[in-house]
Amino acid sequence: MARPPVSLKARALRYLSMREHSRVELARKLSRYAQEDDDIEALLDTLQLANFQSQDRFAESLVHRRAHRFGNSRIVMELKSHGLDAAAIDAAKAKLAEDEIGRACEVWRKKFSRPPQDAAERAKQMRFLQQRGFSHSAIQAAMRAADEDTDRF
């Protein structure tokens, strides 16, 4: 016996029960299953009014998931790609700015664990942190911390 088709609302709630989704991301996922008479925007409005989908919660969730691996600029770029409003992005920036140097040092320690031996290795380590989206000042602070750790090695 065939199962009845799953409604868009049920699909949306299933996606949201797994993790937070942005409105843009949820619309993209649901559009694959929409029929001609389905109104995805109205469904998303309903979910937002019922507080099942929240852009603020999504921003907090994304920052929490990405902060231990990436720098501020990369996380902010990802937030923008999800279509978040400027207020949510500014709030995330403020939260991220508090501990970017500490996160840069931690990412550096996980990847390299020992200070650079020469200029080429130092440049490689700095490029790694830059690709992760850390600011120049955070990279410099992480490299200074690595140089201070030279005594330990």
Side-chain angles (χ1 to χ4, degrees), residues 8-34 40-41 43-153:
L8 279 183
K9 185 173 183 178
R11 257 182 226 284
L13 290 173
R14 185 169 3 131
Y15 289 140
L16 290 169
S17 70
M18 290 186 238
R19 70 169 174 86
E20 293 293 334
H21 287 72
S22 70
R23 186 179 175 97
V24 171
E25 184 179 24
L26 199 55
R28 181 181 48 78
K29 285 184 174 185
L30 293 175
S31 67
R32 291 185 228 155
Y33 303 102
I40 294 175
E41 289 302 315
L43 173 64
L44 293 174
D45 290 339
T46 304
L47 292 172
Q48 228 170 356
L49 284 174
N51 206 22
F52 288 126
Q53 193 277 326
S54 167
Q55 295 290 74
D56 294 332
R57 270 197 326 261
F58 171 75
E60 288 176 22
S61 171
L62 189 127
V63 167
H64 179 72
R65 285 181 298 169
R66 302 282 194 245
H68 68 282
R69 292 178 33 202
F70 298 110
N72 294 4
S73 62
R74 177 128 175 215
I75 294 171
V76 168
M77 183 180 62
E78 191 170 349
L79 288 170
K80 286 179 182 177
S81 74
H82 282 281
L84 268 67
D85 59 350
I89 292 174
D90 290 341
K93 275 185 193 179
K95 183 178 178 183
L96 287 169
E98 296 170 1
D99 64 343
E100 185 181 26
I101 293 173
R103 289 184 294 116
C105 290
E106 188 60 33
V107 168
W108 178 87
R109 263 188 227 101
K110 284 182 182 178
K111 177 70 176 178
F112 298 106
S113 72
R114 67 182 182 90
Q117 303 300 313
D118 57 3
E121 191 175 348
R122 182 180 188 81
K124 176 183 172 184
Q125 292 178 8
M126 291 175 77
R127 275 192 311 273
F128 171 78
L129 291 173
Q130 187 178 22
Q131 290 168 348
R132 290 291 177 118
F134 290 102
S135 67
H136 184 69
S137 60
I139 293 169
Q140 291 296 326
M143 297 311 294
R144 274 193 302 277
D147 291 339
E148 291 170 5
D149 287 346
T150 304
D151 300 335
R152 291 187 357 207
F153 293 98

Please find the pair of heavy atoms, one from [X] and one from [Y], that lie closest to each other, and give the distance.
X      : Y      : answer
Leu16  : His21  : CD2-N, 3.9 Å
Glu20  : Phe58  : O-CD1, 3.6 Å
Cys105 : Ala141 : SG-O, 4.4 Å
Pro116 : Gln125 : CD-OE1, 3.4 Å
Ser73  : Gly133 : OG-O, 2.7 Å

Would you call [X] and [Y] a side-chain contact if the rule is heavy atoms closer than 4.5 Å?
X      : Y      : value
Gln130 : Ile139 : yes
Leu26  : Ile40  : no
Arg69  : Arg132 : yes

Check ion pair Arg109-Glu106 (N to O, under 4.0 angstrom):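 A salt bridge is present here (some side-chain N lies under 4.0 Å from a carboxylate O).
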Can you list the residues that meet the salt bridge (Lys or Arg N to Asp or Glu O under 4.0 Å) rule with Arg122, with sequence neighbours excluded?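 Here the qualifying residues are Asp147.
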Glu41: which residues meet the salt bridge (Lys or Arg N to Asp or Glu O under 4.0 Å) condition with it, sequence neighbours left out?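 Here the qualifying residues are Arg23.
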Would you give me the side-chain donor-acceptor pairs under 3.5 Å for residues 79-94, sequence neighbours excluded?
unit_1	atom_1	unit_2	atom_2	d
Ser81	OG	Glu78	O	2.7
His82	ND1	Ser22	OG	3.2
Asp85	OD1	Ala88	N	3.3

If the plane angle is over 60° it's perpendicular, under 30° parallel, otherwise tilted; pick one for Phe112 and Phe128.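 Taking Phe128 first and then Phe112, their aromatic rings stand perpendicular (interplane angle over 60°).
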Arg19 side chain to Ser61 backbone, donor-acceptor under 3.5 Å: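 Judged by distance alone, no pair lies under 3.5 Å.
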Look only at the side chain of Glu121 and the backbone of Gln117, and say whether a donor-acceptor pair between them is shorter than 3.5 Å.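 Yes.
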Flag if over 12 foreign heavy atoms under 6.0 Å of NZ, Lys9: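 Not more than 12 within 6.0 Å, no.
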